[in-house]
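The structure presented is a predicted model; accordingly, all values stated were derived computationally and were not measured.
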Amino acid sequence: MDGSPKTWTSADGIMIARAAIAEAVAPVEKRPLYRSLPSPPEFPVSALGPLEDAARAIQDMTQAPMAICAQSVLAAATLAVQAQRDVSLPAGGQKPLTGLFVSVAESGERKSSVDRIALAAVYDVEREWLQTSDAGNLAYQNDKAAWELTRDGAKKQNKADKASLLEALNVIGPEPKPPPHPMLLISDPTPEALVMHLSNGRPFAGVFTAEGGLLIGGAAFNDEAKTRMAALLNTLWDGDAIRRKRVGTGATYLPGRRCTLHVMLQPVIADGLFGQALFDGIGLTARMLLVAPDSTAGTRLYRSPSQLSTAVLEIYNQRIRSLLLRPLVFCSDSSGALDPPKLTLSPAAEVIWIGFHDDCERALVPGGSLHRIRAFGGKLAEHAGRLAAILTVYDNPEAEEVSAAAMHCGVALATHYANEMLRLADGASIPRDLKLAQRLADWWQRLPEPILHLAKIYQTGPTDLRFSKAARAATEILEEHGWIARLAPGTVVDGAPRKEVWRLL
């Protein structure tokens with residue numbers, strides 16, 4: 001260097017200015033909010049056995065995710081067979097054929113359409129029961145009036161002779177019972193209402209809804225009722241008697257009742273169910289069979305359903321209907337309790353089930369493949385046995401044992417549900433505030449304009465961000481992770497200056 005002063009030129013000034021501008025507008029590195037979950041496993045639709053064609057037909061008609069279609073026909077079949085048979089498993093004794101099914105999918109995945117098709121025969125049977133309910137109620141009222149009059153006459157005639165009065169009352173017999181309510185399905189019960197439904201209606205029922213927010217966000221799972229509801233669903237899944245005693249309503253003892261559940265949820269609602277330690281701790285989620293498939297939106301170009309699908313669903317509906325209308329077997333006492341004949345496992349099916357049971361048990365140890373979902377894993381073999389029995393009864397209502405083929409199907413289905421539960425167990429550990437921020441980012445990216453202000457977010461954004469505190473917290477997380485940049489206060493958006501404004505990067 002010669003020590004002479006450096007000459008300042010306009011070109012130097014331009015380069016420095018450009019560098020300063022580039023530094024000012026350079027985007028912050030966009031960091032992921034959390035590690036994305038792997039894609040869900042493909043539903044093993046062939047493992048549905050006799051229900052496979054019905055699931056494929058519904059998928060052909062709706063183009064909904066196959067897992068939702070499969071889950072719906074399996075839940076409907078469980079509803080129909082639960083009062084017909086129990087199953088005897090080698091390590092657990094006699095088990096009811098009830099199920100608690102959960103399907104998770106965003107709005108627009110045609111959950112309601114799938115549900116309507118899968119339950120069409122159930123709705124038809126309910127309508128038939130409703131049409132005959134007036135005649136049944138009239139017969140009951142007349143029978144009760146005659147019973148009361150006869151008892152009154154016996155009391156007057158034998159009031160001086162206790163032995164004669166008791167004999168006369170015994171001859172008259174117990175008070176007539178009202179006919180069962182025609183409604184089989186109930187969508188939003190409190191625990192008390194579900195007990196009453198099973199007491200005053202038929203001894204089996206279903207809690208089915210394509211709008212799971214009504215159930216999970218309603219009276220059934222509010223802060224006061226959610227523990228009671230979870231415990232009741234556990235009791236019904238286990239096949240135990242309902243035992244309740246209340247000061248206002250007295251004692252309720254209901255043995256031999258059956259209830260199957262299928263609730264369809266949006267992911268934001270499912271977080272409220274599967275993210276609660278209460279439901280894990282009480283064992284409710286361990287009894288649930290869950291699917292959460294990828295969306296088919298964007299691929300559902302119009303096509304006419306095939307005539308074969310219509311024919312397949314006619315056969316499916318006839319089978320569901322016939323199962324619902326089959327005579328029931330009751331206990332010999334007056335409790336109204338179901339006493340369904342039990343299925344046993346064929347020798348070959350028993351070998352398969354025991355092998356699966358032992359594999360599941362070994363996988364529960366620390367470091368084992370089922371250790372992260374130990375509660376569910378501990379019931380996995382029972383899930384497989386129940387599913388195999390459900391497919392057996394649907395296929396042949398007169399069957400007396402579960403075949404090896406059916407057990408292979410039950411094991412395949414149970415394995416799928418275990419893999420799905422393992423996948424979503426990772427998602428359950430993601431903090432809720434990060435999930436909400438990701439939901440905001442996904443919504444924002446679908447908008448035509450990249451600039452939003454706070455009021456716009458909580459007025460029109462995702463449901464869980466419809467108040468300013470939550471919306472602001474989500475924007476702070478997105479800003480911190482480089483997804484959005486804050487603009488100067490007073491920036492004009494939607495025709496007015498705004499205090500809190502951001503641009504999507």
Side-chain angles (χ1 to χ4, degrees), residues 20-37 65 104-112 210-218 221-222 264-276 292-300 427-505:
I21 293 171
E23 182 178 356
V25 301
V28 179
E29 182 183 357
K30 186 182 293 186
R31 295 183 288 116
L33 299 175
Y34 50 82
R35 183 171 60 87
S36 298
L37 294 178
V104 180
E106 293 282 6
S107 295
E109 292 302 328
R110 303 180 176 175
K111 299 186 295 294
S112 297
E211 298 294 338
L214 295 176
L215 181 69
I216 305 303
F221 283 92
N222 63 28
M264 294 179 166
L265 301 169
Q266 296 175 351
V268 63
I269 306 297
D271 288 346
L273 176 64
F274 288 91
Q276 294 201 31
D294 284 337
S295 172
T296 58
T299 66
R300 304 169 303 195
S429 64
I430 299 171
R432 178 173 171 78
D433 58 347
L434 293 182
K435 290 184 179 181
L436 291 177
Q438 185 66 63
R439 200 164 291 135
L440 174 60
D442 293 342
W443 171 78
W444 203 328
Q445 289 173 327
R446 293 193 294 267
L447 299 179
E449 295 296 330
I451 297 176
L452 287 178
H453 57 90
L454 183 66
K456 184 80 168 183
I457 293 172
Y458 67 72
Q459 288 171 358
T460 65
T463 304
D464 273 16
L465 301 176
R466 293 293 178 88
F467 49 99
S468 61
K469 183 178 179 180
R472 185 178 289 110
T475 58
E476 289 173 355
I477 292 173
L478 291 182
E479 187 175 354
E480 178 185 351
H481 285 74
W483 288 73
I484 60 176
R486 186 181 292 268
L487 303 183
T491 299
V492 176
V493 184
D494 292 339
R498 305 291 179 175
K499 183 178 179 181
E500 297 177 276
V501 188
W502 298 268
R503 175 191 289 274
L504 180 69
L505 298 177

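Nearest heavy-atom pair across A437 and L478 is O-CD2, 3.5 Å. Taking each heavy atom of P293 and V104 in turn, the nearest pair found is CD-O, 3.5 Å. Between L505 and G482, the shortest heavy-atom distance links the atoms CD1-O, 3.6 Å. Minimum interatomic distance between E211 and S112 (heavy atoms only, all atoms of both residues): OE2-OG, 3.9 Å. The nearest pair of heavy atoms linking A441 to W483 is CB-CE3, 3.9 Å.
Residue I477 is tested with L440, I484, D433, L436 for a side chain to side chain contact (heavy atoms under 4.5 Å, CB included); the sole match is D433.
Here the straight-line distance linking atom CG of L265 with atom CG of L215 works out to 8.0 Å at 0.5 Å rounding. Residue T491 holds its OG1 atom at 11.5 Å from NE2 of H453, rounded to the nearest 0.5 Å.
Looking at K456, its side chain never comes within 3.5 Å of a backbone N or O of G461 through a donor-acceptor pair.
Legend: side-chain hydrogen bond (donor to acceptor under 3.5 Å, both in side chains) pairs involving residues 496-505, not counting sequence neighbours, sorted by first then second residue: R472-E500, E479-W502.
Residues M264 and E109 have side chains not in contact (no heavy-atom distance under 4.5 Å, counting atoms from C-beta outward).
The environment of CD in Q459 is crowded: more than 12 heavy-atom neighbours from other residues, nucleotides or ligands sit within 6.0 Å.
In this structure L447 satisfies the side chain to side chain contact (heavy atoms under 4.5 Å, CB included) test together with W443, W444, L452, sequence neighbours excluded.
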